[in-house]
Amino acid sequence: MNESVLRWKGRIGGMKRVAGPVLVFALIFLAVVLANLSVAMRNQDGPMEVEIGQLVGGEIGNNRYVTVSGIALYPAVYYRTEDGRTTAEYFFLADARSGDMVLVQSSQRVPSEERAELAIITGLTRSTSTDLRELVASDLPDLRSAGLNTTSDLYIGMDQRPPGVGVNLALAAGLALISLASVAAFFFPNAVFAPKPIDPAAVAASLGKADVRATGRFQRLSNVSPIVEVGKGSRKFKNAAANIVSLEGRRLMVYIHHILTVRVYGIPLRRVESDWGVILEPLNVTAVETGVLYGWRDRPAVRLRHKDAQGKLQTLFVSFDHAAAQEEFVNLLKGKGFPIGSGYAAL
């Protein structure tokens with residue numbers, strides 16, 4: 001199979017750990033973007049000229065881009081404050097003939113002196129918040145007794161414009177792709193391995209100490225020193241930092257010391273440490289193959305097929321930073337009499 005295909009299979013499969021949270025956040029943001037896109041599509045022809053009576057009568061819904069004219073009544077009738085600061089001011093725009101009025105959230109400071117002037121307001125209709133709706137509703141009886149009428153359901157956000165169609169289409173497409181990739185990750189293998197002989201040139205170019213990583217099912221260890229004792233329980237690890245420990249006779253162990261930090265609101269409370277291992281010997285290993293473990297970074301690796309304590313066939317991947325460490329591990333296996341597969345090339 002083409003190496004690029006294998007590499008991308010490994011990359012997508014490697015996203016499983018983060019795919020769930022990414023999918024949740026992507027779907028949340030996608031819902032927001034789709035709502036903005038809906039608003040943009042409904043208003044792409046520009047502002048619609050409407051009458052104040054249409055707004056008061058409920059003929060025009062929320063998130064419509066409108067232009068309306070009338071008499072602006074100052075000063076502001078309602079204020080929104082946060083931490084003692086005024087963050088929004090609202091005034092009424094009135095129709096002198098019918099007495100209908102619609103609330104406008106000003107985009108600038110509202111004049112403080114009492115006056116009325118002709119005004120043309122362009123903006124988006126918005127649904128009122130609960131507290132603003134209750135304020136307007138409480139004033140309705142007095143307004144109606146004065147021959148005026150308004151609605152507590154919406155206001156006009158002065159100078160507010162609908163979101164752009166192109167930007168939201170691009171965002172929706174991007175978030176949809178992220179969502180699909182996150183879902184796809186669950187259908188791809190955890191590890192993508194291809195048998196391949198050890199490359200002598202890569203061995204010669206290898207430098208420094210190698211980081212060892214392991215993927216497979218590990219048995220809990222109840223004791224590691226002075227002797228290794230197997231406990232109860234097992235769990236899967238993926239690309240976990242590991243150590244290779246040579247044991248007496250023909251045995252060796254791939255060992256993981258796992259540290260779990262328990263945090264509450266980001267504050268570390270305690271550390272839980274545990275030991276895990278796969279004990280290998282020629283009798284329980286059926287095949288050893290060298291190759292490459294594909295992903296965001298390709299790693300020289302060894303695939304071992306072995307039987308666990310219950311006799312079930314398991315697969316263990318041990319990968320390295322460079323080919324020299326891969327060769328050293330294979331030579332260790334070979335020296336202990338493990339069955340080296342056809343993927344191994346003697347140097």
Side-chain angles (χ1 to χ4, degrees), residues 10 13-21 185-186 188-193 209-264 266-291 293 295 299-321 325-326 328-330 332-341:
M15 291 169 54
K16 281 189 178 69
R17 184 177 298 178
V18 297
F186 294 101
F188 279 76
N190 286 322
V192 177
F193 176 88
K209 185 179 179 180
D211 176 39
V212 181
R213 298 272 164 177
T215 297
R217 181 171 290 280
F218 282 69
Q219 190 76 30
R220 180 186 285 274
L221 303 177
S222 58
N223 190 52
V224 292
S225 180
I227 60 172
V228 176
E229 294 180 359
V230 177
K232 293 182 178 181
S234 64
R235 60 163 289 184
K236 288 184 177 180
F237 285 91
K238 182 180 178 182
N239 201 33
N243 295 279
I244 297 169
V245 181
S246 182
L247 302 177
E248 71 282 352
R250 303 171 70 189
R251 302 190 307 156
L252 63 81
M253 176 175 66
V254 180
Y255 165 67
I256 293 174
H257 181 65
H258 183 62
I259 300 175
L260 174 66
T261 302
V262 180
R263 299 175 183 270
V264 177
I267 301 172
L269 295 183
R270 61 192 177 94
R271 297 199 330 169
V272 180
E273 300 187 32
S274 56
D275 297 300
W276 305 81
V278 176
I279 298 174
L280 302 168
E281 55 184 312
L283 291 177
N284 69 0
V285 173
T286 60
V288 177
E289 298 172 282
T290 63
L293 204 56
R299 291 174 62 87
V302 175
R303 176 168 65 184
L304 301 103
R305 300 187 188 276
H306 66 98
K307 292 183 179 179
D308 60 18
Q310 288 73 41
K312 293 182 179 179
L313 191 64
Q314 304 287 350
T315 301
L316 175 67
F317 298 96
V318 183
S319 66
F320 309 88
D321 282 343
Q326 179 194 30
E328 182 181 349
F329 179 55
V330 172
L332 175 62
L333 292 169
K334 191 175 182 182
K336 285 181 173 286
F338 282 78
I340 307 300

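Residues take their numbers from the sequence shown, with the count starting at 1.
Here the CG-CZ distance, from L316 to R305, works out to 11.5 Å after rounding to the nearest 0.5 Å. To the nearest 0.5 angstrom, R270 atom CZ is 8.0 Å from L260 atom CG.
Closest approach of L247 to M253, counting heavy atoms only: CD1-CB, 3.9 Å. Shown here for P300 and Q326, the closest heavy-atom pair between the two residues is CB-OE1, 3.5 Å. E289 approaches F193 most closely through the heavy-atom pair O-CZ, 3.7 Å.
With contacts defined as side-chain heavy-atom distances shorter than 4.5 Å, the pair F338/V330 does not qualify. A heavy-atom distance below 4.5 Å is found between the side chains of D211 and R299. Annotation: side chain of L304 is in contact with side chain of L333 (closest heavy-atom distance under 4.5 Å). Within the 4.5 Å cutoff, the side chain of L221 has heavy atoms near those of the V230 side chain.
Residues passing the side-chain hydrogen bond (donor to acceptor under 3.5 Å, both in side chains) test with R217, sequence neighbours excluded: S234. Residues satisfying the side-chain hydrogen bond (donor to acceptor under 3.5 Å, both in side chains) test with R271, not counting sequence neighbours, are E273. Taking the side chain to side chain contact (heavy atoms under 4.5 Å, CB included) definition, one finds that A242 meets it with V212, A214, V254, I256, sequence neighbours left out. Residues passing the side chain to side chain contact (heavy atoms under 4.5 Å, CB included) test with E229, sequence neighbours excluded: S222, N223, I227. Legend: residues meeting side-chain hydrogen bond (donor to acceptor under 3.5 Å, both in side chains) with N243, ordered by chain and number and at least two apart, are absent. By the side-chain hydrogen bond (donor to acceptor under 3.5 Å, both in side chains) test, R251 pairs with E248, sequence neighbours left out.
Pairs of residues two or more places apart, or lying in two chains, never qualify as salt bridge (charged side-chain N to carboxylate O under 4.0 Å, His left out) while including a residue from residues 306-320. The list of ring pair (Phe, Tyr, Trp, His ring centres under 6.0 Å) pairs with a residue in residues 212-231, not counting sequence neighbours, reads F218-F237.
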Using residues 274-282 as the side-chain source, report each donor-acceptor pair under 3.5 Å to any protein atom, sequence neighbours left out, with the distance given to one decimal.
{"unit_1": "S274", "atom_1": "OG", "unit_2": "W276", "atom_2": "NE1", "d": "2.8"}
{"unit_1": "D275", "atom_1": "OD1", "unit_2": "Y255", "atom_2": "OH", "d": "2.5"}
{"unit_1": "D275", "atom_1": "OD1", "unit_2": "H257", "atom_2": "ND1", "d": "2.7"}

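Of the candidates R303, K238, R213, F317 forms a side chain to side chain contact (heavy atoms under 4.5 Å, CB included) with just one, namely R303.
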Practice item. Please assess R235 against R220 for the test side chain to side chain contact (heavy atoms under 4.5 Å, CB included), listing each intermediate value before the final yes or no. Key: CA-CA 8 Å; R235 60 163 289 184; R220 180 186 285 274; over 6 Å; no
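Put simply, the side chain of S246 never gets that close to the backbone of L252: no donor and acceptor are under 3.5 Å apart.
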